[in-house]
Amino acid sequence: PPPPPRGMSLPALALLLLPVLVAAAREGGPASVRPSPLDYAKEAEDIAACARSRALPAQVTLVPSDSMAGITVSRGVACFMKVVQTMSDEDGDDEDGQEPEQPVEIPLAKVGEESLRLILDFAEGKMKAAGPELADLKFSVVPRPLSGPLRETKSIAAEDAEFMDRVAEDLDRLIRLTNAVNFVDSPPLLELCAARIAQMLIGKTPKEIRDIFPEAFGAKHAEVTAF
């Protein structure tokens with residue numbers, strides 16, 4: 001499906017994700033609804049290129065929507081968000097190859113502080129594992145279909161499964177994070193968020209799915225196929 005608009009509401013995001021999640025979670029579903037897994041190699045290259053770019057200063061301050069105080073992170077960590085990569089692409093490298101002297105603050109109008117800190121925790125963990133030049137930056141691959149818990153899926157790193165399980169202890173937090181990741185445009189983490197939601201739906205009846213996501217369903221969505 002096309003990427004969802006940034007900052008969309010919980011019901012709208014849930015409705016957009018559900019058909020994809022149902023297809024991904026339904027074991028043995030038709031091949032036509034089971035796209036190939038995404039390995040995000042291009043995203044890793046883009047993040048590394050953005051981190052090396054001198055269009056942004058070495059430190060970037062990200063300002064969440066619910067706090068006056070920004071969170072300062074390295075350029076590399078900030079580059080895990082495509083909204084930051086876009087700024088780097090638009091500004092281009094400084095003519096003399098020097099980093100900008102002026103600090104950069106990036107307001108994130110649809111991202112709360114809790115969600116932002118979770119996104120940064122994820123990015124910092126990947127940075128640490130990848131090394132200083134991000135040469136070994138890798139992301140988990142979510143299989144299609146998803147047939148069980150993330151922690152039991154070989155192609156998903158144990159630390160990623162643990163991270164998502166911790167977030168999912170609070171469903172509202174998971175949904176807020178999914179919306180926030182969608183807004184800042186971080187596809188590898190968005191894929192994990194969607195997979196973690198899909199994990200909650202595997203084997204559920206339509207009524208059980210509606211009970212989990214009551215805001216996502218109106219009368220016209222009552223006939224959701226069980227899987």
Side-chain angles (χ1 to χ4, degrees), residues 1-18 20-21 38 40 43-44 46-47 50-51 53 55-91 102-128 137 139-140 142 159-160 162-198 200 213 215-216:
R6 292 177 184 156
M8 68 196 306
S9 67
L10 162 59
L13 179 62
L15 287 173
L16 184 64
L17 284 176
L18 277 174
V20 180
L21 300 178
L38 305 175
Y40 292 114
E43 279 71 12
D46 290 344
I47 291 169
C50 176
S53 170
L56 295 172
Q59 300 290 313
V60 177
T61 299
L62 305 170
V63 185
S65 60
D66 57 355
S67 175
M68 297 293 291
I71 302 173
T72 300
V73 297
S74 70
R75 177 176 60 227
V77 169
C79 284
F80 274 71
M81 310 176 194
K82 284 186 179 291
V83 290
V84 175
Q85 291 181 30
T86 300
M87 292 184 61
S88 175
D89 293 340
E90 290 176 350
D91 293 343
Q102 295 297 323
V104 172
E105 284 194 357
I106 302 176
L108 301 173
K110 302 292 184 180
V111 180
E113 181 177 355
E114 180 186 36
S115 295
L116 178 57
R117 291 191 181 278
L118 288 170
I119 295 169
L120 298 178
D121 285 348
F122 177 83
E124 287 168 352
K126 292 298 181 185
M127 287 271 296
K128 183 177 180 180
L137 181 59
F139 295 105
S140 292
V142 177
E159 60 269 21
D160 290 346
E162 291 170 4
F163 175 83
M164 293 311 308
D165 282 346
R166 186 171 71 252
V167 172
E169 289 174 0
D170 182 332
L171 177 58
D172 288 341
R173 179 172 58 198
L174 174 58
I175 296 297
R176 287 195 300 272
L177 176 63
T178 305
N179 273 300
V181 173
N182 172 61
F183 180 83
V184 302
D185 201 359
S186 180
L189 183 51
L190 183 60
E191 177 91 346
L192 285 172
C193 289
R196 190 57 183 81
I197 296 173
M200 299 168 63
F213 299 103
E215 292 185 47

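In this structure, Ser74 and Val77 have side chains that are in contact, with non-hydrogen atoms separated by less than 4.5 Å. Looking at Glu191 and Tyr40, their side chains come closer than 4.5 Å, going by heavy atoms from C-beta outward. Side-chain contact check for Ile119 versus Met81: some heavy-atom pair is nearer than 4.5 Å. At least one side-chain heavy atom of Leu189 sits under 4.5 Å from a side-chain heavy atom of Met164. Side-chain contact between Met200 and Leu174 is present, with at least one heavy-atom pair separated by less than 4.5 Å. At least one side-chain heavy atom of Ile197 sits under 4.5 Å from a side-chain heavy atom of Ile175. Residues Cys193 and Leu177 form a side-chain contact, since some pair of their non-hydrogen atoms from C-beta on lies under 4.5 Å apart. Residues Val104 and Pro57 are in side-chain contact: their nearest non-hydrogen atoms beyond the backbone lie under 4.5 Å apart.
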Please evaluate residues Asp160 and Lys126 with respect to the criterion salt bridge (Lys or Arg N to Asp or Glu O under 4.0 Å), reporting the C-alpha separation (whole Å), side-chain torsions for both, the decisive distance (0.1 Å), and the verdict. CA-CA 10 Å; Asp160 290 346; Lys126 292 298 181 185; 2.8 Å; yes
Please evaluate residues Ile47 and Gln85 with respect to the criterion side-chain contact (heavy atoms from CB on, under 4.5 Å), reporting the C-alpha separation (whole Å), side-chain torsions for both, the decisive distance (0.1 Å), and the verdict. CA-CA 7 Å; Ile47 291 169; Gln85 291 181 30; 3.5 Å; yes
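Using modelled atom types, one side-chain atom of Arg75 and one backbone atom of Leu56 make a donor-acceptor pair closer than 3.5 Å. Within the 3.5 Å criterion, the main-chain N or O of Val111 finds no donor-acceptor partner in the side chain of Ser115.
Under the rule for a ring pair (Phe, Tyr, Trp, His ring centres under 6.0 Å), Phe80 has no partner lying at least two apart in sequence or in another chain. Residues passing the ring pair (Phe, Tyr, Trp, His ring centres under 6.0 Å) test with Phe163, sequence neighbours excluded: Phe122. Residues satisfying the side-chain contact (heavy atoms from CB on, under 4.5 Å) criterion with Ala51, sequence neighbours excluded, are Leu134. Applying the salt bridge (Lys or Arg N to Asp or Glu O under 4.0 Å) criterion to Glu114, with sequence neighbours excluded, gives Arg176. Shown here are the side-chain contact (heavy atoms from CB on, under 4.5 Å) partners of Thr61, two or more places apart in sequence or in another chain: Val63, Thr72, Glu105. By the salt bridge (Lys or Arg N to Asp or Glu O under 4.0 Å) test, Glu113 pairs with Arg117, sequence neighbours left out.
Of all non-hydrogen atoms in Pro64 and Gly70, the two that sit nearest each other are CD-CA, 4.4 Å. Smallest separation of non-hydrogen atoms from Ala78 and Val60: CB-CB, 4.2 Å.
Taken to the nearest 0.5 Å, the CG atom of Leu108 stands 8.0 Å off from the OG atom of Ser65. Once rounded to the nearest 0.5 Å, the distance linking CG of Leu120 with CG of Leu62 reads 6.0 Å.
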